[in-house]
Trainee: 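Structure incoming, see below.
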Amino acid sequence: MSSRVSAPGTTAGATLAAAAASLAAATAFTGVLGDGRWIVPTVLAVAVVGGAGLLGRTMRWWSPLVVLSQLAVLAVLVSALFTRSALLGALPGPSALGELSALLGQAMQVAREGVPPVPVEPPLQVLICLGVGLVALLVDLVAVTVGVPAVAGLVLLCVVAIPASLAPNMLPWWTFAAGAAGFALLLACSGRSGGAEARVRPGGLAAALTATAGVVALLTGVVFTGVGTEGRLPGGASAGYGPASGGVGLRPFTSLRGQLDRDNAVDLFRVSGLPRPTYLRAMTLQHFDPARGWELGSLTAGVDAQQPLPLPEGVETPAAGPAATVRIDPVGYRDPWLPIFGVPKAVRGMGEQWQYDPASGVVFTQVRQESRPYEEELTLPAPTPEQLREANGPITISPAYLDATGVSPRIAGLAREITAEAPTSFDKAVALQRFFTDRANGFRYDLSTGPSTSGNALEDFLFRGKRGFCEQFASSMAVLLRASGVPARVAVGFTSGYRDGDERVITTNDAHAWVEAYFPQYGWVTFDPTPLADGRTPLRGYQPPPPPVPAPAPGAGDSQQPAPESPTRTPSPAPGESPRPDELPAPAEGGSGTWWVATGVALLAALLLCAVPAGLREARRRWRWREIRSGERGAATAAWRELLDESTDRGGSRRGANGTARTAAAELIGAHGLTGAAAEPVHDLVGAVEREWYAPADRAVTGTGPAESLTAALEGLRERAPLSPRRRLLPPSVLARLDRRG
């Protein structure tokens with residue numbers, strides 16, 4: 001081939017810029033990944049892809065061959081790093097491909113079900129290494145080979161969008177700065193090989209685009225710092241989890257709904273040694289704001305959670321109950337709140353800098369750290385109804401737990417009506433719980449809530465909608481308790497899950513909120529107003545079981561025939577037991593086949609991207625031929641421009657296009673070696689163009705028509721300068737125009 005190539009230094013600079021931009025965009029994954037084991041394989045993937053691209057362009061390979069070489073070295077790298085059965089330790093044979101398929105299937109399941117930040121085990125390492133490697137290939141192709149780095153910005157934006165959409169917290173601010181800097185470098189060092197002279201263009205338009213991209217990226221980072229901060233700990237230091245002011249507000253409920261909305265349950269904890277089913281408490285919410293809902297309130301400085309723990313605030317003598325040492329393994333949970341059972345005596349094994357707040361009954365940290373298995377020494381108090389009815393004495397907890405400021409008179413009136421015949425605080429709590437769990441009152445559990453009609457969400461739920469999930473039930477009962485003069489708070493955590501051998505497994509399906517009411521001497525006692533029908537509510541001896549669900553009346557369109565009884569029946573779970581996963585409907589098939597779909601989509605996108613220049617060239621050709629065949633004025637000009645583009649696609653220079661038609665024709669004939677009969681159609685077309693450009697408009701056109709001259713000239717070009725497949729796929733006439741516009 002006779003086309004010029006980029007100077008090696010310039011091509012190397014553009015290749016390095018493309019690789020740096022790909023890695024800079026990939027830093028956004030730090031917001032959803034729990035450790036840095038993905039970094040080295042990802043850097044290696046980007047390096048081998050960029051190196052193969054640079055080598056192919058330096059050797060003047062056909063562009064599709066360069067892409068194939070990049071795919072090949074990426075496959076070799078992934079096989080060498082992550083498989084044991086690669087041929088000669090690196091070549092991706094059938095066994096190695098099977099291993100990679102299994103790993104990618106596991107990775108896709110983690111991507112669907114994992115709660116960020118997720119640990120970067122080998123399946124995720126494979127997925128990220130391969131994914132970022134393919135992104136680097138696309139960026140290298142678009143920005144360096146094709147020479148349109150601005151378009152590569154769309155690919156980089158997609159890379160950032162993936163972790164941004166998955167992260168429960170904001171992405172680190174520096175990842176936005178890194179992405180902006182990488183894209184700016186790519187714009188400033190745009191190069192292209194194969195048919196045009198590469199160049200570094202740091203001025204003018206590139207500088208403007210760089211500045212604009214930087215401003216947009218930084219503004220995006222500022223805007224998104226306030227998005228998705230559920231579970232952040234107030235009072236955290238700069239190295240910790242959250243800002244120094246403000247409460248959690250509705251954010252715990254946002255996280256809770258997100259877990260319950262999952263299509264597939266994800267294991268969060270494995271628990272051993274628990275003497276009976278009970279609630280696993282992560283945090284408690286103290287402050288109620290009618291406009292914003294329940295908030296955490298203020299935390300005390302707390303005590304070192306690894307030391308012997310004091311009794312909860314307001315407890316003089318805990319009620320008798322079983323004591324135990326429970327081991328909790330957070331297999332899929334990471335949060336600044338350490339969930340605990342019952343009344344803790346000691347907690348150990350979870351790491352340093354964890355604090356216990358006796359006032360709120362929660363264990364928390366202000367330092368980001370990995371989750372570890374931990375042990376809790378605890379008591380599960382079991383006060384009797386008689387003890388709770390006789391509980392009296394001064395209330396030694398914060399008056400904030402009685403604050404009902406802002407509760408509407410209608411809600412306060414409902415509380416008085418429900419508890420009118422309840423002489424003690426315990427009877428009031430039981431009456432309020434029964435108000436929600438008695439099916440005759442019309443309340444039902446649903447992840448979707450009723451429509452808002454009054455602007456007061458609490459009133460809408462209590463008097464009109466009567467439909468919601470545990471957030472609405474727990475929030476409403478706690479407010480009604482306070483309106484009845486009983487100290488109350490909302491607890492957020494998990495029900496006790498299902499039994500698996502000697503352990504209990506707690507999943508995202510067990511995420512829950514309930515109510516804790518305070519009784520002098522005995523402290524905080526659990527009540528659960530949510531009418532769960534799946535046996536997940538661990539009932540205490542002082543809590544009456546909910547009335548049985550009445551058989552629904554058949555609807556107008558339902559069959560009146562009784563359904564035949566199944567020959568075998570699965571026993572209902574015992575109280576406190578969740579249905580086992582194998583008793584639930586099987587999820588839709590996804591499995592390891594998902595990554596084939598993702599890979600196919602990526603390859604299809606790459607092929608479509610490669611086909612864009614050829615498509616533009618074909619569209620321009622068809623438009624010109626319509627004008628040429630019309631025979632109207634302008635046909636000769638269209639034919640001349642088409643001939644110049646055909647010459648450019650075959651390696652001819654376009655410099656003569658800025659001079660006279662005769663000068664351009666001479667350069668075209670010389671560049672492609674057209675002699676004798678092969679050169680005559682070009683001269684005929686030049687004559688037609690000159691007559692069209694310079695002759696009076698009313699003079700009759702004579703000589704050979706533009707269509708005939710162009711057809712004959714193209715036959716000569718095809719014979720002496722055949723069009724290579726590479727130039728068909730990436731026609732230089734199109735790339736030159738894109739380059740000038742960029």
Side-chain angles (χ1 to χ4, degrees), residues 279 281 283-290 293-297 312-319 343 358-361 381-438 441 443 458-459 461-462 470-492 513-530 537 539-544:
Y279 294 89
R281 181 176 60 251
M283 69 177 74
T284 59
L285 309 181
Q286 175 196 70
H287 177 64
F288 176 72
D289 184 320
W294 285 87
E295 299 177 330
L296 177 69
E313 187 175 287
V315 178
E316 299 175 4
T317 305
V343 176
S360 61
T384 65
E386 291 72 23
Q387 289 175 318
L388 295 177
R389 286 192 176 95
E390 295 172 0
N392 54 57
I395 297 177
T396 57
I397 58 174
S398 170
Y401 290 108
L402 273 169
D403 184 14
T405 304
V407 175
S408 70
R410 188 178 185 188
I411 293 175
L414 177 64
R416 290 192 298 270
E417 178 184 343
I418 296 171
T419 61
E421 299 181 3
T424 68
S425 294
F426 173 75
D427 293 317
K428 291 178 181 178
V430 171
L432 288 170
Q433 178 177 272
R434 185 179 291 116
F435 171 71
F436 292 103
T437 58
D438 189 342
N441 291 326
F443 289 95
L458 190 56
E459 284 193 5
F461 173 72
L462 287 171
C470 50
E471 171 193 348
Q472 283 73 33
F473 287 97
S475 299
S476 300
M477 180 176 173
V479 169
L480 292 173
L481 277 170
R482 289 190 179 184
S484 303
V486 181
R489 67 190 184 190
V490 173
V492 179
W514 60 93
V515 176
E516 293 181 349
Y518 175 77
F519 296 88
Q521 304 175 32
Y522 298 104
W524 296 98
V525 176
T526 297
F527 292 86
D528 194 342
T530 305
T537 305
L539 296 175
R540 301 279 67 81
Y542 52 83
Q543 297 181 1

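Note that this is a predicted model, so its numbers are computed, not measured.
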Trainee: Could you tell me the separation between the CD atom of E390 and the OH atom of Y522, rounded to the nearest 0.5 Å?
Mentor: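 Rounded to the nearest 0.5 Å, the CD-OH separation comes out at 7.5 Å.
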Trainee: Using only atom types and a distance under 3.5 Å, with no angle test, would you say the side chain of K428 pairs donor to acceptor with the backbone of V486?
Mentor: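 No, K428 side chain to V486 backbone: no donor-acceptor pair under 3.5 Å.
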Trainee: Taking all atoms of both residues into account, what is the closest heavy-atom pair of A400 and Q286, and its distance?
Mentor: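 So the two residues come closest at CB-CD, 3.8 Å.
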Trainee: Atom CE in M477, atom SG in C470: separation rounded to 0.5 Å?
Mentor: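 The CE atom of M477 sits 14.0 Å away from the SG atom of C470.
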Trainee: Is it the case that the side chain of R489 and the backbone of Y401 share a donor-acceptor pair, with hydrogens and angles ignored and the cut-off at 3.5 Å?
Mentor: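 Absent.
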Trainee: Identify the heavy atoms of G314 and Y518 that sit nearest to each other, and give their distance.
Mentor: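 Heavy atoms only, the tightest pair is O-OH, 2.7 Å.
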Trainee: Would you call W524 and V315 a side-chain contact if the rule is heavy atoms closer than 4.5 Å?
Mentor: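 Heavy-atom side-chain distance check fails, nothing below 4.5 Å.
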Trainee: Under the salt bridge (charged side-chain N to carboxylate O under 4.0 Å, His left out) test, which residues partner D427, sequence neighbours left out?
Mentor: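 With sequence neighbours excluded, D427 shows a salt bridge (charged side-chain N to carboxylate O under 4.0 Å, His left out) to R389, given in chain and number order.
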Trainee: Could you tell me the separation between the CZ atom of F461 and the CZ atom of F443, rounded to the nearest 0.5 Å?
Mentor: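 F461 CZ to F443 CZ: 5.5 Å, rounded to 0.5 Å.
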Trainee: Could you give the distance from CD (Q433) to CG (D438), rounded to the nearest 0.5 Å?
Mentor: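 Separation between the atoms: 11.5 Å.
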Trainee: Give the minimum heavy-atom separation between Y279 and D528, together with the two atoms involved.
Mentor: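 Heavy-atom minimum between the residues: OH-OD2, 2.7 Å.
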Trainee: Do side-chain atoms of D403 reach the backbone of T405 as a donor and acceptor pair under 3.5 angstrom?
Mentor: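 Indeed, once roles are kept as given, a pair shorter than 3.5 Å links the two residues.
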Trainee: Applying side-chain contact (heavy atoms from CB on, under 4.5 Å) between W294 and each of D289, V479, V492, T284, report the one that passes.
Mentor: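 Only match with W294 under side-chain contact (heavy atoms from CB on, under 4.5 Å): V479.
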Trainee: So, taking the atom named CZ in F436 and the one named CG in L480, what distance separates them when rounded to the nearest 0.5 Å?
Mentor: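 If I round to the nearest 0.5 Å, the distance is 5.0 Å.
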Trainee: Taking all atoms of both residues into account, what is the closest heavy-atom pair of A429 and L481, and its distance?
Mentor: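 For A429 and L481, the tightest heavy-atom pair comes out as CA-CD2, 3.8 Å.
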Trainee: Which pair of heavy atoms, one from S484 and one from L432, lies closest together, and at what distance?
Mentor: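 The answer is OG-CD1, 4.2 Å.
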Trainee: Hey, can you pull the donor-acceptor pairs under 3.5 Å for the side chains in residues 406-416, sequence neighbours left out?
Mentor:
| from | atom 1 | to | atom 2 | distance (Å) |
| --- | --- | --- | --- | --- |
| S408 | OG | I411 | N | 3.3 |
| S408 | OG | E459 | OE2 | 2.6 |

Trainee: Looking at every non-hydrogen atom in both residues, tell me the closest pair between L462 and S476 and how far apart they are.
Mentor: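 Closest approach of L462 to S476, heavy atoms only: CD2-CB, 3.9 Å.
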Trainee: Drop me the distance from F426's CZ to Q387's CD, to the nearest 0.5 angstrom.
Mentor: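 Going from the CZ atom of F426 to the CD atom of Q387 covers 11.0 Å.
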Trainee: So, Q521 side chain and N392 main chain: donor-acceptor pair closer than 3.5 Å or not?
Mentor: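 Checking the backbone N and O of N392 against the side chain of Q521, a donor-acceptor pair under 3.5 Å is found.
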Trainee: Would you call L458 and P290 a side-chain contact if the rule is heavy atoms closer than 4.5 Å?
Mentor: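 No, too far: nothing below the 4.5 Å cut-off.
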